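Written below as structure tokens is the structure these notes are about.
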There are 2 protein chains.
Amino acid sequence: MRRKRLDRMQCSIARALDVVGDPWTLLIVRDALLGVTRFEAFQARLQIPRATLTARLAHLVDAGILERRSYQDHPPREEYVPTAKGRGLRPVIVTLMQWGDEFARDDPPPTHLEDASTGLKIEPTLVDRVSGAPLTALRVRAVGPLVPRRG
Amino acid sequence: MRRKRLDRMQCSIARALDVVGDPWTLLIVRDALLGVTRFEAFQARLQIPRATLTARLAHLVDAGILERRSYQDHPPREEYVPTAKGRGLRPVIVTLMQWGDEFARDDPPPTHLEDASTGLKIEPTLVDRVSGAPLTALRVRAVGPLVPRRG
DNA sequence: GGCGTTCGTTCAATCATTGAACGCATGGAG
DNA sequence: CTCCATGCGTTCAATGATTGAACGAACGCC
């Protein structure tokens, strides 16, 4: 059967997962955000089957997450670079990395983030932009049509 | 072919996606974090095929993200509740929701978060825990074996 | 007994993913 | 010019995975 479409659900998470909900897509985006642009480079780094990579890149371009550009005419060569929509996935990838570090670890974590100016290690935390309080410290409640009523 | 195993990659993101990298898993976890516990409730809310739900719940229990508990003996009834590992996925789901709100929107966003004490709207932002600066305002650099050398 | 609830399993059909091989244009070495 | 390497795919058959629909089993209620 064809994979079910999630993009019509009244839910931002479902619509996001309709684009990003497979094992490879976010890994490709991660590499793209690290500066990888070429087909062969993605393939070599991820060991992804070439046919799958072709399909994923096409979907990512179609979804407006990567942009396909020719960087050479003879021979014709293409590169894939993140758009603003693609760069917007960085927080998703960062939090996913944090979760993997904490709960699926292979200590020590293989990759970390640092400030390119100061060299200091960065510890990403999710806070409320207004109060500055970490979300873990707040009693957070979801509000909307698909929040189940209590009981 | 069997889906390729990502869990042996030297990458927390890959190991995370090995568990969470399919269209349904994070939606199930989202509902579980909203308080949904029963098979029929997941199925009705997500319109997920029952066989797929059975498989996903088993994987989530196997991965230690949900815990299966019997809440009744006659007839035997099971419920699925998030573990600490499952609760750790909340930041991933929140950032995914934010991305969906911003880039795959169906304005206005259907769901938002608020402080359960004050009722004020919460705007989650990723900051460095030490400096408090938003990651978007910093020049962030990834450090580790799989960061490609520049060129 | 008859009906509803809850939690699944089974089935055939159809999709997606995989590894391996092939295609094709170019560029350089000899 | 010949041979091989690079870059970016496409094609193929085999094998999983996902799907909707139907079935089932254990009980509670009236």
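Chain naming here is simple, since letters A, B, ... match the order of the sequence lines and numbering starts at 1 in each. Small disclaimer: the values here were computed from a predicted structure and weren't measured.
- Under a cut-off of 6.0 angstrom, the local environment of NE2 in A:H59 is sparse, with at most 12 non-hydrogen atoms contributed by other residues, nucleotides or ligands.
- If you chain together hydrophobic residues whose side chains sit under 4.5 Å apart, B:V140 and B:L146 never meet in one group.
- Counting only residues at least two apart or on different chains, the salt bridge (Lys or Arg N to Asp or Glu O under 4.0 Å) pairs with a member in residues 79-91 of chain A are A:R69-A:E79.
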Sugar-phosphate or base contact per nucleotide [nucleotides 1-8 of chain D; S, B, -; heavy atom under 4.0 Å]: -----BBB

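- Rounded to whole angstrom, the span from the CD1 atom of A:I48 across to the P atom of D:dG9 amounts to 13 Å.
- Positionally, the nearest nucleotide of DNA chain C for A:R2 lies more toward the 5' end than for the other of B:K4 and A:R2.
- Look at B:R56 and B:D22 and you find a salt bridge, because one of the NZ, NE, NH1 or NH2 atoms lies within 4.0 Å of a carboxylate O, short of that distance.
- Nucleotides of DNA chain D nearest to A:R3 and A:A51 differ in position, and the one nearer the 5' end is that of A:A51.
- Cluster annotation: A:L34 and A:L26 are assigned to distinct hydrophobic clusters (Ile/Leu/Val/Met/Phe/Trp/Tyr, side-chain heavy-atom contacts under 4.5 Å, transitive).
- Residues B:L6 and B:L60 share a single hydrophobic cluster, defined by chaining ILVMFWY side chains whose heavy atoms lie under 4.5 Å apart.
- With salt bridges taken as basic N to acidic carboxylate O contacts below 4.0 Å, one links A:D31 and A:R45.
- Non-hydrogen atoms lying under 4.0 Å from DNA chain C are contributed by A:T52, A:R56, all within residues 52-62 of chain A.
- For the pair B:W24 and D:dA17, the criterion of a side-chain N or O lying under 4.0 Å from OP1 or OP2 is not met.
- Listed by chain and residue number, A:L66, A:R68, A:Y80 satisfy the side-chain contact (heavy atoms from CB on, under 4.5 Å) test with A:V61 (two or more places apart in sequence, or in another chain).
- A donor-acceptor contact shorter than 3.5 Å is absent between the side chain of B:T111 and the backbone of A:G144.
- Taking five base pairs at each end of the helix from C:dG1-D:dC30 to C:dG30-D:dC1 and finding the rotation axis that steps the C1' atoms of four pairs onto the next four gives two axes whose angle is 10°, to the nearest 10°.
- Ionic pairing of A:D128 and B:K121 is not present here: no N-O contact between side-chain nitrogen and carboxylate oxygen is shorter than 4.0 angstrom.
- A:V81 and A:F42 are assigned to two separate hydrophobic clusters, defined by single-linkage of ILVMFWY side chains at heavy-atom distances under 4.5 Å.
- At a threshold of 4.0 Å, the pair A:R139-B:E114 does not count as salt-bridged, since none of the basic side-chain nitrogens sits closer than that to a carboxylate oxygen.
- Taking every nucleotide of DNA chain C with any atom under 4.0 Å from a non-hydrogen atom of chain B, the first and last of them, 5' to 3', are C:dT5 to C:dG19.
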